[in-house]
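Notes for the one structure printed next.
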Amino acid sequence: QVQLVESGGGLVQAGDSLRLSCAASGRTFSSYAMGWFRQAPGKEREFVASISWSGSSTNYVDSVKGRFTISRDNAKNTVYLQMNSLKPEDTAVYYCAQRGRPYSSINYYRPSEYTFWGQGTQVTVSS
């Protein structure tokens with residue numbers, strides 16, 4: 001069974017930066033694309049960013065382009081989300097997820113394409 005553990009969330013002020021980490025175990029990490037999603041209270045989970053199995057390509061939701069950067073370190077079985085210029089609307093629980101199918105990044109924005117999920121880490125941005 002795959003296990004994903006997020007860390008790095010916290011309370012920050014608008015304009016600050018935060019880096020989230022997601023440590024994976026259970027199967028060959030380097031064969032799977034990874035994603036970050038977020039969910040605010042009362043709202044549906046939304047796609048934030050994804051990275052291909054090789055790390056050669058990335059995708060972002062429009063609202064975070066230019067501010068967030070997803071990366072991975074396959075030697076550490078870890079994916080990161082660097083968040084800069086944080087805004088109050090970024091406040092949410094952030095979830096790390098792993099694709100169910102190896103070497104695939106199609107429909108990267110769809111939660112249903114991801115089989116394993118972390119427990120989430122809270123990010124709160126005050127104005």
Side-chain angles (χ1 to χ4, degrees):
Q1 183 81 334
V2 171
Q3 185 174 20
L4 305 175
V5 180
E6 302 101 330
S7 62
L11 173 63
V12 298
Q13 293 187 323
D16 286 351
S17 297
L18 214 53
R19 189 177 78 157
L20 306 183
S21 298
C22 172
S25 62
R27 66 177 179 175
T28 307
F29 175 79
S30 60
S31 299
Y32 296 86
M34 302 291 294
W36 286 97
F37 292 76
R38 65 187 180 187
Q39 187 168 23
K43 295 187 176 181
E44 294 184 353
R45 188 167 299 186
E46 70 166 343
F47 167 79
V48 178
S50 67
I51 186 166
S52 65
W53 64 273
S54 66
S56 62
S57 63
T58 58
N59 299 100
Y60 301 91
V61 66
D62 287 345
S63 61
V64 308
K65 286 182 178 178
R67 298 189 299 120
F68 290 11
T69 302
I70 187 171
S71 62
R72 67 190 298 160
D73 185 342
N74 287 346
K76 296 182 178 180
N77 286 357
T78 301
V79 62
Y80 305 94
L81 185 67
Q82 178 67 47
M83 304 183 293
N84 297 329
S85 302
L86 283 163
K87 304 175 181 180
E89 52 262 44
D90 295 319
T91 296
V93 176
Y94 283 71
Y95 297 91
C96 173
Q98 187 178 73
R99 297 281 298 214
R101 186 176 183 178
Y103 310 114
S104 177
S105 294
I106 60 172
N107 303 132
Y108 56 84
Y109 55 89
R110 294 180 59 186
S112 62
E113 294 290 338
Y114 299 80
T115 299
F116 301 99
W117 296 80
Q119 83 288 349
T121 185
Q122 177 71 48
V123 173
T124 302
V125 185
S126 63
S127 59

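Residue indices begin at 1 and follow the sequence shown.
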Any T91 side-chain heavy atom under 4.5 Å of V123 side chain: no
side-chain contact (heavy atoms from CB on, under 4.5 Å) against S56, all qualifying residues, sequence neighbours excluded: S52, S54
Set of side-chain contact (heavy atoms from CB on, under 4.5 Å) partners for S7, sequence neighbours left out: S21
Any residue meeting salt bridge (Lys or Arg N to Asp or Glu O under 4.0 Å) with R67, in chain and number order, not counting sequence neighbours: D90
Set of residues satisfying salt bridge (Lys or Arg N to Asp or Glu O under 4.0 Å) with respect to E113, sequence neighbours excluded: R99
By side-chain hydrogen bond (donor to acceptor under 3.5 Å, both in side chains) - contacts of Q13 (at least two apart): none
Residues that T28 engages under side-chain hydrogen bond (donor to acceptor under 3.5 Å, both in side chains), provided they are two or more places apart: none
side-chain hydrogen bond (donor to acceptor under 3.5 Å, both in side chains) involving K65 - partner list, sequence neighbours excluded: D62
With T115 via side-chain hydrogen bond (donor to acceptor under 3.5 Å, both in side chains) - residues at least two apart: none
Test item: side-chain donor near acceptor, T124 and Q122, under 3.5 Å: yes
Flag side-chain contact, heavy atom, 4.5 Å: L81 against V48: yes
CA sep, side-chain torsions, deciding dist, call: V125, K87, side chain to side chain contact (heavy atoms under 4.5 Å, CB included): CA-CA 6 Å; V125 185; K87 304 175 181 180; 5.5 Å; no
Pairs where residues 28-67 contributes a residue and the test ring pair (Phe, Tyr, Trp, His ring centres under 6.0 Å) is met, not counting sequence neighbours: F37-F47, F37-Y114, F37-W117, F47-Y108, W53-Y103
Closest approach of G10 to L18 (non-hydrogen atoms, all atoms of both residues): N-CD2, 3.9 Å
Approximate separation, where rounding is to 0.5 Å, of D16 CG and N84 CG: 10.0 Å
Pairwise ring pair (Phe, Tyr, Trp, His ring centres under 6.0 Å) hits with a residue in residues 74-95, at least two apart: none
Gap between atom CG of N77 and atom CD of Q98 - 0.5 Å precision: 9.0 Å
Apart from V5 itself, residues in the same hydrophobic cluster as defined by side-chain heavy atoms under 4.5 Å: none
E44 atom CD, neighbour heavy-atom count above 12 within 6.0 Å: no
Nearest heavy atoms of L4 and A24, plus distance in Å: CD2-CB, 3.4 Å
Residues in side-chain contact (heavy atoms from CB on, under 4.5 Å) contact with S63, at least two apart in sequence or another chain: R38, V61
Interatomic distance, M34 atom CE to R72 atom CZ [nearest 0.5 angstrom]: 6.5 Å
Within-4.5 Å side-chain heavy-atom neighbours: F68 and L86: yes
Flag side-chain contact, heavy atom, 4.5 Å: Q82 against S71: no
Polar contact flag, side-chain donor to acceptor under 3.5 angstrom, D73-T78: no
P88 to A14 - nearest heavy-atom pair and separation: CD-CB, 4.2 Å
Polar side-chain atom of Q119 near backbone of E6 as donor-acceptor pair, under 3.5 Å: yes
Non-hydrogen atoms of A33 and S104 that approach each other most closely: CB-O, 3.5 Å
Pair R27-Q1, side-chain donor/acceptor within less than 3.5 Å: no
Between CZ on residue R101 and OG on residue S31, distance to nearest 0.5 Å: 13.5 Å
